[in-house]
Structure formats: structure tokens, C-alpha cells
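Written out below as C-alpha cells is the structure these notes cover.
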Amino acid sequence: MTTESKSLIGAPIARKEDRRFLTGTGRYTDDLNRLHQTHAVFLRSPHAHAKIVSINTSAAAAAPGVVAVYTGADIAADKVGGIPCGWLVKNKDGSNMVEPPHPALVADVVRHVGDQVAVVIAETKAQAKAALNLIEVEYDVLPAAATVRDAVAEGAPLVWEQAPGNTCFDWHLGDLAAVEAAFAKAHKIVEIEVTNNRLIPNAMEPRAAIGEYDAAGDMLTLYTTSQNPHLIRLLLGAFVLGVPEHKLRVVAPDVGGGFGSKIFHYAEEAVVVWAARKIGRPVKWTAERSESFMSDAHGRDTVMTAKLAVDREGNFLGFRVHNTANMGAYLSTFATAVPTYLSGTLMAGVYKTPAVYVEVRAVFTHTVPVDAYRGAGRPEATYVIERIVDKAARELGMDRLEIRKKNFIRTFPYKTPVALEYDTGDYDATLAMALEKADVKNYPSRVEASKKRGKLRGIGYSTYLEACGIAPSALVGALGARAGLYEAANVRVHPTGSVSVFTGTHSHGQGHETTFAQLVAQQLGIPFDKVEVVHGDSDKIPFGMGTYGSRSLSVGGSAIVKAVDKIIAKGKKIAAHLLEAGEADIEFKDGKFVVAGTDKSKAFGEIAFAAYVPHNYPIDTVEPGLDESAFYDPKNFTYPAGTHVVEVEVDPDTGVVTVESVVAADDVGVIINPMIVDGQMHGGLAQGIGQALFEECVYDESGQLLTGSYMTYSMPRAADFPMFKVGNHVTACTHNPIGAKGVGEVGAIGVPPATINAVLDALAPLGVTDIQMPATPEKVWRAIVAAKGSKAQ
Amino acid sequence: MPAISLKVNQRAVTAEVEPRTLLVEFLREHLSLTGVHVGCDTSQCGACTVFVDGVSVKSCTMLAMEADGAEVTTIEGLAQGGKLHPMQQAFHEHHGLQCGFCTPGMVISSADLLKRNPRPTEGQVREWLEGNICRCTGYHNIVKAVLACAEGSAK
């Protein structure tokens, strides 16, 4: 990449995409209406677990405006395939995980509240909803297991007969013997049990899908709220409908947030496309928010026990974790990778612990499938590590920062005991920056000020690391991934020198249309406004794997850089001909092809024009046109890391926790647009603090969803946060051409343990040593009361 | 079906609507004003916020018939002559939006705040936005944009 004085790399340019969103001219899936379209509404199970004894759709089918009513029997009769899982995890003994079927409409047994049983398709949505009430289903209600603890209990109701004990798989990673040896010589063994509360992603745009069939060309089209349209085309075409890629187009237009929940292939997408072909008309479905709560994949939901062996000086000797992870009733697209390859591999954190061993038991429950949600496995790993490190410091009587610094990794590359190799980092630098920004040296005076107001003040730290930029295909293939995880790009230079960039990643808030334009404009030395970034349509973009795992810039951006490299290489050949010089003598600099050491040059636009109007052109050796594609497969994950510091105030009378200060000092690699990077940090921090203090998806014993709307699920609001203080210290990623690491998930990964560590610090004087997320006023108050009670005894 | 007459984005509109039609449905489905978004079904997310007679209203809480005779301004009607409203401009300059879905409601609600309270404190902005949920921004840059807009308009 070229650099110059007025670099676009590192420039906080306001976003190209803003205008349409600010003026109401964005186009989200539900904003699209197709000619002669019909409306679909799904009948969903009211029970967590029940046998369908009978189902009668005749009254619904005869209702006004109804075009068709379909059930699981129709899906089965048409041999529509099940919704596939994208990642095969092996058990400890090498056998495969239990992989139950996931039909698009259920015919026999419903396995969670919201499981789809039938679909009504009518002229209007109101007619479809009215007819839905006329479907008669007789259920034989069965006992359910909704939580991890219920599912693993002796004699628990089974979600799948083929999964005894509700176990999907029993996986492990690391050297158990080495860990046991470390524990045998430990000065102290610190133990902890932590719950990662179940979360509901809640992108503000509810999911929606439109299926369309064009009989003339026998073409199917799906418009959908997706983070990865090509992946949906692959799964829907190859596994569910049996339609080849050239007959199936998937469009993900403007998408109103994803956070992971819009990665996965959902049953509704399959049903609307299948039904559109059956009735020969477009079929549109848009989730109502209450439907989103019971049909979008949920996040987190793990119970971990961990033990950390330490010596007298606070050096970590060995770390052992057992994780029980909730999969829900069916295996969603990436579900099985989350607690294993995205979490188990992270258990070393930023510490040089020589021996680490992690076991994961994944269990089925009678709940909505659980899958990747912002951070996906890495927040769970970070949480258990950063909690137990704090606990170790307290039990050893050490300073919480000293014990961290004592164990930091400082030489790179560093091979962890759990399969990863960190390429670069500087954990001391981000820690120092965070302490400065958090004004830690004046913290004692703030404690006093809080005390005067009758409040308890606490400060908490998290020195986290994550692995993102997913992922090296060969590595993930060896680990059970059923697809490659490279990224594709096409860079099309037009005859007059403007450029269209087609990327396989998808932007649903991340600002790719701006960041990628900065990248290309800088590399080609052309004005930023001459670059248009196109995404979200399988007919326009050659291929792509989409946006998740903070991969868009490090993997997708690298593919773009490679394609632009090819453009420049071809441009040099054309320039050499026009300038009557040797190709080796041509340099590309500041948007000009120059004969080295002379003032002879051709502007980028002149070369583009010559490529398309090849009157004077090296036609024997170079094809006309200036249009190049590239695929980029990363060599390694990227490893963002940093320090988050949270200060809270606790009201001891009510248990209310107020977030007073949030500091994040992060190393996310080279930054293209710092304004966008800061914005990503703010959003991640809010979601992470949301997990720590507010959000929790709750099922009752019978498997009913108690948090099924914004009345009952606590979404963070503006008044829940202070202004965030964020900063960056850059160490460039060593193995991609940009040096970027990724920022999308960092906030949600690092901040939850910092928040809980702050709450526990505030409550430490009262003798409270543990609290589970979310630290709601009730939980905090009960912990205070319980601690007072035990002190009084 | 009853008929209603109202002004939407300064244009006179007359239409027949089913009595149960919500204002948000009327705006989206009858007038194709799809900048008005539906993010929930319990009147909490605020993505459907519009001005009705100069006051910000969640258009999912109102029947279209209740808007008979009213003047409605949606996000589509906020910019004048191709020039963004100062609140839109502030959101752009301060990166107060990411996915854009909550944005129309956020902008209108924030514009209403400054009509009532031209120089709000940070705390007042945060309290006022209680009825608008954003999942992308952590509210940081939204609050910054509103405060900057207040500062700018006071100059």
C-alpha cells in the first residue's frame, strides 16, 4: 500500500452511507414489496416440548384471502432438507457429535416455544394472521428441560432420544497430564464457578425474508436480513432445497444490525422460497419483535467451573476449565464452534500459563437454538479468566494489576497450550494507557466522595485478548468447519477511472462503504468519492463468506488490497507500452504510473481509458479491460487485546449499580477510520455492560420464555451509560497486508468481567465475594443482605 | 371504509383506511414512507417516531384515523430543499448512526427535545431518549450529536 502525506488511512471521514439512513431512503428487506406478493405468517409452538397429535388446517385454508397453508407434512412430502449445522465437532473419543434433524416446519414433536409448525400464506398480513387462529393443533405436552442445569440433571427429559443425558458432544483441548502435574506442585488452587447469562441479540431490525420465483428462467430469489448472503445461498441451495447456485439469487439489502444473529440460515428463509415456487407468487414474511425473541438464535448461556494453580509469587502454573454449553433444541449454523474453537482456544488469555486444559460438554435443551452473538465464545473465555485472576489476587493478597503483569506474555510469536499462535501484541502498553485514561491515581479520592454520599465505589479491570479475523480455511477445516473462511473481492475500474468494489463481506452498521472506499482510494491514489462499494447481492458479487468474527477488514479488506494490486500490476504493463519504457521501470505512485527517474507519467484515469479504448495498446500481450478479482485466505487469526477499566457506584440500600466510568484501551491493529473504530467500541462496550448488569433471557421450569418482549427483557438505554473513554495502541498484525486485527467484538468481549470485578470490588468491604451476571439491583441487594447475615453470625 | 385527510410532509393526503390501521402502517404501506421503521410490538423501541402537529409521537401508538386533520412529518420530510435538518447533519458529523434502523426515530425524538429544551445537559439528553432503543452505538455518539446540535443552534 502506498502512503503519502494526505493519507486516507487513519482519517476520520464521515460515512458515505449516512445520507440514505438519515433521510429515510435506506432499503431494508421489509421496505421491499414485490409485484403480486403474498404474506406469510408462522404458527409457532406455545409449548417447550410436545407431541403433535393432530393438526387441522381446513378452516384456515378456507378463510378469506388465504392462498395456501402448509405444515411439516408438506415439507416432508416435498423432501425439503433440514437446516444444516456448519461445524462438525468430535467427541473426546473421536466420534462425531449428535446431529439431530432440523426441519423447516416441524411435523411430529415441537422442541421449543416458538418452534414453527405451520405457515399461512394470504393476500394480506391481516388475513394471514386471522386465518392462523383457525388452525387446530392437538398437542400432547411433555416435560421440558430449559436450562443447562436442568438438562444435565439425573433423569432429565430428553430433547433427542439419540442424545443420552442431552449431550450433543463432549470435547476437550490441551494437555491434561501437564495440567495435573502443575496442580500437584501448586502453592494454591483458586476455584470459581461462573455463569454466562443467556442473551437475546436484538438487532433493531427484526428478521424478514421474501421468496420469489421467476418461472420464465426457473430462477429463485431470496431477499433476506443476512450478514452473509452467499453463505445462505450455499446452505439453502445445496442442503435444503437442492437448487444449484446459478438458479438461486440471495440479496441482503440494507440490514438493520446483526451482532451474529443474522449469520445463520433460518427455517423461515427456506419456507418462503419453497412456498414461492409452489404458489408461483412472491411470499413475504417479517418477524414481529415477539417472534424474534422466540425464533432468533440466542447467545452465550454457559456454566463454567475453573481452577487456577498458582505459586507463592503469583505465577500461574496451570488452568483447567469445564464448560457446559447450551445448544438449544437444534444445532444452528455455527453453534457447535462457539464454546469450542471460539472459546476453548482462548483459555490462555494474555497470560503465559504453561499448562491449560479445557473440556466442553454441549447440551440440548428445550429452548431456541443458541449460536454466535457479538464475541461468540470469546466473551465467555475472557469472563472466566478475568474473574479467576481477580480472585487469585485477592486470595494471595496481591494487587490485581501486579498479578496480571507478572503473567503477561511479552515475547512474540507466542504459541499457547491451546492451539493458537499469537503473532504480536503489547499488553503493557494498553494497560498503561487504560490506567492513564481512567485516572487511577486519583481513584482513592473518588472512593471518599462516594462514601460521603453513602455509596460504595469499586473499580474493575480486564486485560483481555481475543482471536478474530476468522479464519484460516485449512485450520478451521481440520477443526470441523464444513466451509472455507476466506473472502473474495472484485475491483472493477470503469473506463473513465471511477471504481466499483464488490465485496463478499456485508455491512449492517460497520461502515464498509466508507472504510473500504478509503482503502481503495488510498491504494490507487484517486479521490475517495470515485470509489463505490457494493455488497449484499449474490448476483453482483462473485462470492463471499460474509461478515462475522470481526473479519471484514482483516480478511475482506485484504482480498480487496490483493485485487487492487492486480489492477496496478496490469496498469504498469499498459503504462510501459504507452510510455515506451520497460515494465520494470514503471512505478505507481500517488495515482500516477511514472517511468522511474523521469518526469514521464500517465495518470491512473488515462490507463483506465486506454484499457477500455485500446487504440494504442499492447494487445498481443495484455487483454483489454481493467477488472480484477482476488480471494484472500488468512494465514492465522488476528489477536486484538487491551485493557478495560470500569468504575461503578453501588447503593447499599437498594443494590442499584451505577456505571460511573468506562475506559477501553485496545490494540485492534492498523486503523483505517478511527471514527468508525471508536463507534464499534462504543457499541460493543454497551452490549458487554448490558450483559454484565441488565440483560438476561429467562425460561421458567416448563420452558416458557419469561423475557419475550421489551417489557421484560432489559435492553440498555441511553441513561444507563456514561460517555465512554476509548483509545488505541497499535501493533500491526504481521500476516495481512493491512495490518488490521478487527474491532467489532472487542467491547463486548473485554468489558463484562471488568464490570463485575468493579461491582465485587465495591462490595468487598461487606464480605461479598461472588455475584453472577447480570448484577441486577435484586441480586446485588441479596448478596449484601446475605453477607451481612453471615457476618452477624 | 372511513376516509381521512391529513398533511404528510407538507403534502395533502386523502385516503380510505380500515379503522384498525395504525398510523405507522398507513405511512409505510399506503404512502410508502418506509423510513418510518417498526422495531417492536410493544411501543418501546421508538424507531417509528414521527412528528404529529409538531410533537414527536410513536406512530405505532396511534391509529391512522386519529391523525385525521393533522400535520405529520416523517424522516423523509425533515430535510428541506436537499439540505439536511441540523439534527440530521449533527448525526452525520458525529457518527450518531451505524445500521440506521433506529436513526429516523432517534433524529425526530432528538429534534423534538431541542424544541422544548434548546440547551439540554448530557443527563437530560440521555433521559429524554429513554423511549428510543439503539443497539449499535452505545448511545455515545447519539448523545454527542444532540449536544453538538444544541450548541450549534444556540450560536
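Letters A, B, ... mirror the listed sequences (proteins, then strands); counts begin at 1. Computed from a predicted structure; not experimentally measured.
- Ranked by heavy-atom pairs shorter than 4.5 Å toward chain A, the options B:Ser43, B:Gly131, B:Gly100, B:Gly123 are led by B:Gly100.
- In terms of heavy-atom pairs under 4.5 Å with chain A, the best-connected choice from B:His95, B:Gln88, B:Glu76 is B:His95.
- How far SG of B:Cys102 is from CD of A:Glu205: 12.5 Å, rounded to the nearest 0.5 Å.
- The CG atom of A:Leu22 sits 8.0 Å away from atom CZ of B:Phe91, with the distance rounded to the nearest 0.5 Å.
- Interface residue B:Phe101: backbone and side-chain heavy atoms are both found under 4.5 Å from chain A.
- With a 4.5 Å cut-off on non-hydrogen atoms, A:Ile689 does not touch chain B at all.
- Ion pair B:Arg28/A:Asp31 flagged as a salt bridge, since at least one NZ, NE, NH1 or NH2 atom sits closer than 4.0 Å to an Asp/Glu carboxylate oxygen.
- By the neighbour-count criterion of 12 heavy atoms within 6.0 Å, atom CD of B:Glu122 is densely surrounded, having more than that number from other residues, nucleotides or ligands.
- One distance of note links CG of A:Asn33 with OG1 of B:Thr34; it measures 8.5 Å at 0.5 Å rounding.
- Across B:Leu129, B:Thr74, B:Leu33, B:Leu84, the residue that shares the most heavy-atom pairs under 4.5 angstrom with chain A is B:Leu84.
- When heavy atoms are compared at a cutoff of 4.5 Å, B:Leu78 does not approach chain A at all.
- Heavy-atom distances place the side chain of B:Thr103, and not its backbone, under 4.5 Å from chain A.
- If you measure heavy-atom distances from A:Met711 to chain B, the contacts under 4.5 Å come from both the backbone and the side chain.
- With a 4.5 Å cut-off on non-hydrogen atoms, A:Tyr28 touches chain B through its side chain but not through its backbone.
- Of the inter-residue distances, the one linking A:Phe21 atom CZ with B:His37 atom NE2 reads 9.0 Å to the nearest 0.5 angstrom.
- At a 4.5 Å heavy-atom cutoff, the contact between B:His140 and chain A is made by backbone and side-chain atoms alike.
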Test log, rule side-chain contact (heavy atoms from CB on, under 4.5 Å), inputs A:His682 and B:Thr137: CA-CA 6 Å; A:His682 302 151; B:Thr137 64; 5.8 Å; no
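- A donor-acceptor pair under 3.5 Å is absent between the side-chain atoms of B:Asn141 and the main chain of A:Gly679, judged by distance alone.
- Contacts with chain A were tallied for B:Gly35, B:Ser32, B:Cys40, B:Ala47; B:Cys40 has the most, counting heavy-atom pairs under 4.5 Å.
- When all heavy atoms of A:Ala719 and B:Glu127 are compared, the pair lying nearest together is CB-OE2, 3.7 Å.
- Side-chain contact between B:Gln98 and A:Glu17 is absent, with no heavy atoms from C-beta onward closer than 4.5 Å.
- Contact count against chain B (heavy-atom pairs under 4.5 Å) is highest for A:Arg15 among A:Arg15, A:Glu288, A:Arg27.
- In this structure, no portion of B:Val36 lies under 4.5 Å from any heavy atom of chain A.
- At most 12 non-hydrogen atoms from other residues, nucleotides or ligands lie less than 6.0 angstrom from CZ of B:Arg11.
- For the residue pair B:Thr42 / A:Arg289, no side-chain donor-acceptor distance below 3.5 Å is found, with atom types taken as modelled.
- The CD atom of B:Glu29 lies 8.0 Å from the CG atom of A:Asp30; values are rounded to the nearest 0.5 Å.
- No part of A:Thr25 comes within reach of chain B, as not one of its non-hydrogen atoms sits under 4.5 angstrom from that chain.
- At distances below 3.5 Å, not a single donor-acceptor pair connects side-chain atoms of B:Tyr139 with backbone N or O atoms of A:Asp720.
- Rounding to the nearest 0.5 Å gives a distance of 9.5 Å between SG of B:Cys99 and CG of A:Asp254.
- For the pair B:Cys136/A:Phe259, a side-chain contact is recorded, criterion being any heavy-atom separation below 4.5 Å from C-beta on.
- When A:Ala686, A:Gly256, A:Gly684 are compared by the number of non-hydrogen pairs under 4.5 Å with chain B, A:Gly256 comes out ahead.
- Other residues, nucleotides and ligands place no more than 12 heavy atoms under 6.0 Å from the NZ atom of B:Lys7.
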Begin with the C-alpha distance, continue with both residues' side-chain angles, and end with the deciding distance and a verdict on side-chain contact (heavy atoms from CB on, under 4.5 Å) for B:Cys45 and A:Met204. CA-CA 8 Å; B:Cys45 80; A:Met204 291 319 296; 3.5 Å; yes
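- Note: A:Met723 leads A:Met723, A:Met681, A:Gln510 in heavy-atom pairs under 4.5 Å with chain B.
- Counting heavy-atom pairs closer than 4.5 Å to chain B, the top-ranked of the candidates A:Pro716, A:Gly747, A:Gly257, A:Ala287 is A:Pro716.
- At a threshold of 4.5 Å between non-hydrogen side-chain atoms, the residues B:His92 and A:Arg19 do not count as touching.
- Of the two parts of A:Pro12, neither the backbone nor the side chain holds a non-hydrogen atom closer than 4.5 Å to a non-hydrogen atom of chain B.
- For the pair A:Thr23/B:Ile75, no side-chain contact is recorded, criterion being any heavy-atom separation below 4.5 Å from C-beta on.
- Under the 4.0 Å criterion applied to side-chain N and carboxylate O atoms, A:Glu695 and B:Arg135 are assigned as salt-bridge partners.
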